[in-house]
Amino acid sequence: MKSNILSIVPVAVAVLLCNGIMGQTVVPQLGKNSIAEVVAAMTLEEKAAIVIGGGRDAKPSVLTDGTMIGSSDFRIPGGAGVTNAIPRLGIPAMVLVDGPAGVRMNVKRKNDDHLYFATAFPSGTTLASTWNTELVQRVGEAFGNEVKEFGADIILAPGVNIHRNPLGGRNFEYYSEDPVITGNIAAAIITGLQSNGIGTSIKHFVANNQETSRSDINAVMDERTLREIYLRGFEIAVKKAKPWTVMSSYNLLDGVHTSERKDLLTTILRDEWKFEGYVMTDWGGKAVNLPDQMNAGNDMIMPGSAAQISRIVLAVKKDSISEQVLNRNVERILRIVVQSPSFLQYKYNNAPDMKAHARISREAAAEGAVLLENKKGVLPLADKYKSIALLGNTSYAIIAGGMGSGDVNRAYTVSLAKGLTNAGYVLNKELEERYRPYVSDYKNRPLELAMSDSLLAAAALGNDIALLTIGRNSGETKDRSLDSNYYLRPSELELIKRTATAFHKRGKKLVVVLNLCGVTDTRSWTQYADAVLLAWQPGQEGGDAIADVLSGKVNPSGKLATTFPQRYADVSSSGNFPGTPAGYPTEVKHEEGIYVGYRYHDAFKVDPAYAFGYGLSYTSFRISPLKLNSSIIKDKIIVSAVVTNTGKVAGKEVLQLYVTAPAGGVRKPVQELRAFAKTKLLQPGEAQEINLELDMRALASFNTGRHAWIADKGKYIFKAGTSSRNIVQSATATLEQEVIVEQVHSLLFRQSVAVIVPPGKR
Ligand code: BGC
């Protein structure tokens, strides 16, 4: 290995030996001596080098005193960044890689013929749609194995911001509109990833729900909204899974960049949630006040530069950062360093088991697919439909994942055409011959290939069924456009209508597959489709996974973790996205408050196109009446139900538990998802009992005036639903006395921003 970082080691060792021989104090070594002793032996410059990252493009260089600065080319070209090594103290560099769907790195390396590919797992939204924490944990285990075997220490994932608005450009990386599903899915993937002995960086903390003006946008919201909606997913994941690091976000929260907010990074994250790792900034964030960041508890600045190291040194000399604060931040970082594969000198092999990981990627993609429509049981295709007229650009060029740091360089991507062929279906040759050259030119892909009526008529005559894919992509730095991305383009609507006409004329069906980065309009066209399967962005195995579900090899069990509205104006933030002033917005008011997603649709009786929690199956289930362990709530309550497969094929069902809390000190949502669990694969007739335990915190709301999570006294209704709009069982229990579940700090967040008026009616 050619890196200067390693070539310095012999020098450091020589210095060490020399010190020993001369009878001077031996320099403390990380791992052998305590962290406090190592910090005590550090120069100010060395401490500054630890809290500043090794630079994105910086060439490794040696500071005057021999300290090394690393670079992101170190060990994994194309990695996101490195931390600085100080060989004289036995502190190695750590390597940080993106991102939530797989290890992001360059395929090619200098003087190396090997091609470095990683597994592209399904997008975050797809994983959340599985509602299966056990499966997501296994994805994390496989994914984390790649992080470790490619030589990295920390993966910059998961992304757990909230789907506040469907136009959010990075929604594909995030999980849901709901904090409980977000937090539990995040906890599962963190647990899986970190079980490998590598670290995660849960991001972007907090309220980074849009890409427009992402470094300058000021998210303005009241404290209850912040705590109940935007922080809650982080809170659940931090408490349950203990991520090694947290990444602060680019945006401002109520006037101050999150990386400079002590109330957020210290009071809430550490004092209230007991987070013990370290906080790093997002890459090159705009917050320029290093002392404020250091004092707030934003321990590390990424990607870092030599100039920032000098500024830290100067700030300490000028007393705007106390050496105590610097020591504290350095110690937090070193406590993570000592757990890292780099420190433990793990011998990574660059050869993870890609076949096994591909299988898990495929399983998760199939389980995250949501069946939205299945009129007259047209699906599964099974053997009923053997020859397929496959239409739509993305049937031939599937969108595996989104763009930006969450993209993954994979060895291959299975298209839907390939997946269907692998599954034994026969595709219309003429269509295939037209699509293949067309989609191979990337520029064409956003424009749907036009089909003549005669071609469609011939396909309807010659094939058993039509299958048409609509695809959408988005990525970092840009939100989706309403007209050309959220809504279908005229050419797409045309193709759907004309295909439906041609096939329906012959008594044949049209199945639409949605290959989406995020929620997209369905109302303008679903009446033409006989079945609709939402495959999201399914990762590299997408085509095989979708074919698994279409064919019936896998029974769909995915459920929406985000509402599909009837129209964009029905999104509660539609009047406040991406903020004001127009052009380059700098402020986004969360006037909808906690009424995000189904909380809004329920409260204001706005019917969605497809409700939160919705998803069809090829079988049917019965959920038994709910049993509560007690009709009086003490310190927790256990809700039990038996789920029985009443249909003809094996399948999985999700028990979604919504709770309606009694009126009390604050206005309550109609109901909120408070717990969920997925059954195992149930054979026809098979039943499984599910027990969901809710503690008092799961019943509480945040009362801003009283600075507390409070469970109000009164009647709690526990509801099991197959979606937020289809409650099938309910039971009630009483809390006899109000419980102050958790008293939190009194912070200077706003008391009120929410207007709580349906945006359409303003
Ligand atoms: C993104 C982060 C990412 C980082 C490093 C930033 O632009 O917002 O999510 O981890 O870059 O690549």
Side-chain angles (χ1 to χ4, degrees), residues 52-58 70-83 94-106 118 121 123-125 143-144 147 150 152-162 168-175 182 186 189-190 193 198-217 219 233-234 237 243-253 257-259 277-287 298 300-305 401-409 474-479 517 578:
I52 300 291
R56 198 197 286 270
D57 304 309
S71 97
S72 57
D73 252 5
F74 173 59
R75 198 177 309 150
I76 305 184
V82 291
T83 63
M94 293 193 295
V95 177
L96 284 54
V97 287
D98 276 308
V103 175
R104 179 170 167 79
M105 59 186 170
N106 294 347
F121 294 96
S123 70
T125 307
F143 179 1
V147 176
F150 285 122
D153 298 281
I154 293 176
I155 176 82
L156 304 174
V160 305
N161 296 103
I162 289 290
R170 293 182 84 173
N171 280 0
F172 69 93
E173 293 183 63
Y174 307 145
Y175 295 132
T182 295
I189 202 150
I190 293 168
L193 283 159
I198 54 99
T200 56
S201 189
I202 189 170
K203 67 190 188 183
H204 309 88
F205 193 60
V206 63
N208 183 178
N209 304 297
Q210 65 184 66
E211 291 303 289
T212 307
S213 341
R214 67 175 178 171
S215 296
D216 295 307
I217 196 78
F234 283 97
W244 286 14
T245 75
V246 167
M247 187 190 293
S248 55
S249 56
Y250 282 130
N251 55 287
L252 298 87
L253 175 66
H257 278 102
T258 56
S259 65
Y278 75 83
V279 176
M280 68 180 92
T281 60
D282 198 346
W283 266 231
K286 264 210 177 161
N298 194 120
M300 186 183 277
I301 311 297
M302 291 305 288
S305 67
M403 300 177 291
S405 59
D407 199 1
V408 182
N409 294 317
S474 66
E476 215 176 316
T477 71
K478 203 162 181 263
D479 288 318
C517 53

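Just the heavy atoms: all of them, side chains too, but no hydrogens, waters or symmetry mates, feed the values below. Counting starts at 1 for both ligands and their atoms, following the listed order. Each residue takes its place number in the sequence, starting with 1.
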With heavy atoms and a 4.0 Å threshold, my read on which part of Arg214 contacts ligand 1 is side chain
Of the side chain and backbone of Met302, name the one, both, or neither that has a heavy atom under 4.0 Å from an atom of ligand 1. neither
I'd like to know if the side chain of Thr182 reaches the main chain of Ile162, judged simply by a donor and an acceptor atom lying under 3.5 Å from each other, with no hydrogens or angles considered. no
Is the backbone of Gly169 close enough, under 3.5 Å, to the side chain of Asp479 for a donor and an acceptor to pair up by distance? yes
Is the shortest distance from a heavy atom of Arg170 to ligand 1 less than 4.0 Å? yes
Pro243 to Thr200 - nearest heavy-atom pair and separation: CB-OG1, 3.3 Å
Of all the atoms in ligand 1, which lie at a distance below 4.0 Å from a heavy atom belonging to Lys203? 2 (C), 3 (C), 9 (O), 10 (O)
In terms of atom number and element, which parts of ligand 1 are under 4.0 angstrom from non-hydrogen atoms of Glu476? 1 (C), 6 (C), 7 (O), 8 (O)
I'd like to check whether Asp282 has a polar contact with ligand 1, where a contact means an N/O of the residue lying under 3.5 Å from an N/O of the ligand. yes
Kindly indicate whether the side chain of Ser405, heavy atoms from C-beta on, has any atom under 4.5 Å from the side chain of Arg170. yes
For the student: nearest non-hydrogen atoms of Ala186 and Pro158, plus distance: CB-CG, 4.2 Å
Interfacing atoms of ligand 1 (cut-off 4.0 Å, heavy-atom, Met247): 10 (O)
Among Thr281, Asn208, Thr258, which residue meets the side-chain hydrogen bond (donor to acceptor under 3.5 Å, both in side chains) test with Ser249? Thr258
